[in-house]
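First the proteins, then the strands, lettered A, B, ... as listed; each starts at 1.
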Amino acid sequence: MTETVPLKLFNSLTRQLEPFQPVHPGEARVYSCGPTVYSYQHIGNMRAYVFADTLGRTLKFKGYALRHVINITDVGHLTSDADAGDDKMEKAAAQSGKTAWDIAAFFTAEFKRDLGWLKVTDPAKWTVATEYVPAMIDYAKSIADKHCYELDSGLYFDVTTVPDYGRLARAATDEGEGRIEQIEGKRHQADFAIWRKTPPGESRQMEWDSPWGRGAPGWHLECSVMSSAELGMPFDIHTGGIDHREIHHPNEIAQNQAHECSAHTGATIWMHNNFLKIRDGKMSKSEGGTVRMQHLVDAGFHPLAYRMVCLQAHYRSELEFSWEGLQAAFVRLKRLVMTVSGLRAQAEPADAPGARLAPYLERFEAALSDDLNTAVALTVLEEAAALKKTDSGEKLAALAAMDRALGLDLLTLRREELRIRPKAATIAEAEIEAILTQRKEARAAKDFATSDALRDELAAAGVEVMDGDPLGWDWKLGEG
RNA sequence: GGCCCGAUGGCGGAGUGGCUACGCACCGGACUGCAAAUCCGUUUACGCCGGUUCGAUUCCGGCUCGGGCCUCCA
């Protein structure tokens, strides 16, 4: 083993790059804030999980044993009949007599399907919030006396009882006008709910008895409880969207400090991915401004093209989504898959990459070790793939090692799997093949007028004929 | 109103105090009956105004524009 560069990660706590130093030697324990499953996740949400997965894969690439936990927030604020939201699925579910539990199960399944499409590795543990409510109540009991106070609406956390509140957010904890309506009796504006009592006369579909009355846990509580239960305190890395840096995570930190009676924030490194911006007009029309993985697939794009979109950018940069950009990433993925397929036709992956590829692996690792610079890592992978006069087996071994970190599935993905039937397609595959057979005959007879007419016919049906491609034809891509 | 962040070629997006990634598109070439696909090659940039410096896209200040958070949004 050669000496390798240490992994450096950007810690939101210090706003600096820091070397990764695990709490438990050789092991990396990571907690990722998961979705609230009351609606579909859009592609922006999915960026967070591609990021968390890339982090996990990088840790494994660096030789750490990974223990990753992602939570599913299946308890929230859904009251019995109000607050149905404007999500069609939710309405439909409500109309068909489904419960909040059914809705949560439905959207959890949808979410996990999208993760599978994106080759996001299953975490060691999915923590489901409702399964931890008793633990949350115990947790709340343990901090109630010293850190909390009770109001009519619930149990609140006093943020002045822990050191350095809001350090992560770099924001003033108090002062300011604030547009938010104050909750009657709160001691400080930043104080937050640990337990929310069900208002008198109302009932929730999801509610539990507690020392502070019947109700539901505060959102921030669950992540502290589940992370400490599954990973122990302190653990290594906590990930989430950048929006969580301001409120959710500072509150989580406050709870951790209260519970552990320590100034430690609970996780050594807090990492936040930036947002995906969607401003394309056409796109915004669908589903009230959100685009989901399903929409990409419906338009004929392979889900991994979206992973490619994410990987091309740094996780801390805002990323602009457009169909044109998705198309570009898809073409890039396709060419890479074809290159690898060519290599696989020639050789089996070697046991080791060999000396010729070593510098590329080094550069690849250096890029990832530099706060997950996947954009550069990707170009190194492509350079290695394009190397001339190199043993195919060794090259495959190198590409396999790199792809284990990037997760593009390059060694198993086949060209034909990238041909996704668009939802709007009107012609059947068998019909296409039949026309192509006719065209082949016409070409053999040098009847190019007929052959071109058949090609035009297919083009009109959204099918592109490609004589030089092993597949022979592909769908023309549309926009969502 | 408060706090935070960003501005790179046609699009997306890395990165750096001087040697200007990468992908897609474009253009040229190979291949093809012609295309397409594929392969090879090439062109185009660092928001505006000052400052520091031998030299700034990169550092500092101001401006303009854009974005985020302050409500259980990744």
Side-chain angles (χ1 to χ4, degrees), chain A residues 15 32-36 38-39 41-52 73 75-78 129 166 169-181 183 189-190 192-193 196 216-223 239-248 251 272-277 279 290 308-309 311-336 338-339 342 367 370 373-383 386 415 443 446-448 451-452 455-456 459 464-474 476:
Chain A
R15 305 284 159 105
S32 299
C33 271
T36 302
Y38 281 102
S39 64
Q41 300 300 299
H42 55 73
I43 58 175
N45 295 319
M46 300 314 290
R47 186 184 185 194
Y49 308 108
V50 170
F51 154 62
T73 300
V75 53
H77 45 125
L78 194 71
R170 294 281 165 91
T173 53
D174 228 326
E175 316 291 339
E177 314 280 305
R179 313 185 262 104
I180 318 307
E181 211 176 304
I183 289 178
Q189 191 174 325
F192 55 92
R196 298 180 163 243
W219 176 49
H220 311 296
L221 185 59
E222 62 180 62
C223 283
T239 78
I242 196 163
D243 50 330
H244 287 333
R245 194 178 67 187
E246 317 302 330
I247 298 295
H248 180 48
N251 291 350
H272 298 95
N273 62 281
N274 215 318
F275 280 90
L276 181 82
K277 290 195 330 193
R279 69 148 74 118
T290 68
M308 179 67 92
V309 167
L311 258 26
Q312 283 174 323
H314 189 97
Y315 74 89
R316 278 194 286 127
S317 299
E318 273 185 355
L319 173 55
E320 195 100 30
F321 178 85
S322 68
W323 291 101
E324 192 190 356
L326 181 63
Q327 166 82 55
F330 193 20
V331 171
R332 185 178 198 177
L333 175 66
K334 188 170 122 183
R335 290 183 180 156
L336 210 41
M338 290 180 81
T339 301
D370 180 20
N373 192 333
T374 52
V376 168
L378 198 52
T379 66
V380 176
L381 183 151
E382 280 174 326
E383 278 182 48
R415 166 73 182 91
R443 289 182 73 208
K446 303 251 192 262
D447 179 2
F448 296 122
S451 121
D452 289 353
R455 186 167 64 196
D456 290 345
E464 196 164 48
V465 176
M466 307 176 301
D467 292 330
D469 188 288
L471 280 187
W473 66 275
D474 205 344
K476 274 188 201 155

Quick one: list whatever passes salt bridge (Lys or Arg N to Asp or Glu O under 4.0 Å) with A:Asp474, sequence neighbours left out. A:Arg415

Taken in chain and number order and not counting sequence neighbours, the residues that satisfy side-chain contact (heavy atoms from CB on, under 4.5 Å) with A:Ser451 are A:Arg439, A:Ala442, A:Arg443, A:Phe448

Output all residues satisfying ring pair (Phe, Tyr, Trp, His ring centres under 6.0 Å) with A:Phe51, sequence neighbours left out; order by chain, then residue number. A:Tyr315

Using salt bridge (Lys or Arg N to Asp or Glu O under 4.0 Å) as the criterion, list what pairs up with A:Arg245, not counting sequence neighbours. none

Only counting residues at least two apart or in another chain, list the ones meeting ring pair (Phe, Tyr, Trp, His ring centres under 6.0 Å) with A:His272. A:His249

All N/O contacts under 3.5 Å from nucleotides 22-24 of chain B to the protein, with atom names and distances to one decimal?
unit_1 : atom_1 : unit_2   : atom_2 : d
B:C22  : O2'    : A:Arg332 : NH2    : 2.9
B:C24  : OP1    : A:Arg335 : NH1    : 2.5

When rounded to the nearest Å, what value does the distance between P atoms of B:G10 and B:U43 take? 16 Å

Quick one: which protein N/O atoms are closer than 3.5 Å to N/O atoms of nucleotides 33-36 of chain B? Pair and distance per line, please.
unit_1 : atom_1 : unit_2   : atom_2 : d
B:G33  : O6     : A:Arg443 : NE     : 3.3
B:G33  : O6     : A:Ser451 : OG     : 3.1
B:G33  : N1     : A:Asp452 : OD1    : 3.0
B:G33  : N2     : A:Asp452 : OD2    : 2.8
B:C34  : O2     : A:Arg455 : NH2    : 2.6
B:C34  : N3     : A:Arg455 : NH1    : 2.9
B:C34  : N3     : A:Arg455 : NH2    : 3.4
B:C34  : N4     : A:Asp467 : OD2    : 3.4
B:A35  : N6     : A:Asp467 : OD2    : 3.0
B:A35  : N1     : A:Asp467 : OD2    : 3.1
B:A35  : N3     : A:Arg455 : NH1    : 2.8
B:A36  : N1     : A:Gly468 : N      : 2.6
B:A36  : N3     : A:Asp467 : N      : 3.4

Could I get the full list of ring pair (Phe, Tyr, Trp, His ring centres under 6.0 Å) partners for A:Trp219, not counting sequence neighbours? A:His244, A:His248

With A:Arg335, which residues qualify under salt bridge (Lys or Arg N to Asp or Glu O under 4.0 Å), at least two apart? none

Under the salt bridge (Lys or Arg N to Asp or Glu O under 4.0 Å) rule, collect the residues that match up with A:Arg455, sequence neighbours excluded. A:Asp452

Under 3.5 Å for both pairing distances: what stems, at least three Watson-Crick or G-U pairs long, include RNA chain B? B:1-7 with B:64-70, B:10-12 with B:22-24, B:27-30 with B:38-41, B:47-51 with B:59-63

side-chain hydrogen bond (donor to acceptor under 3.5 Å, both in side chains) against A:Gln312, all qualifying residues, sequence neighbours excluded: none

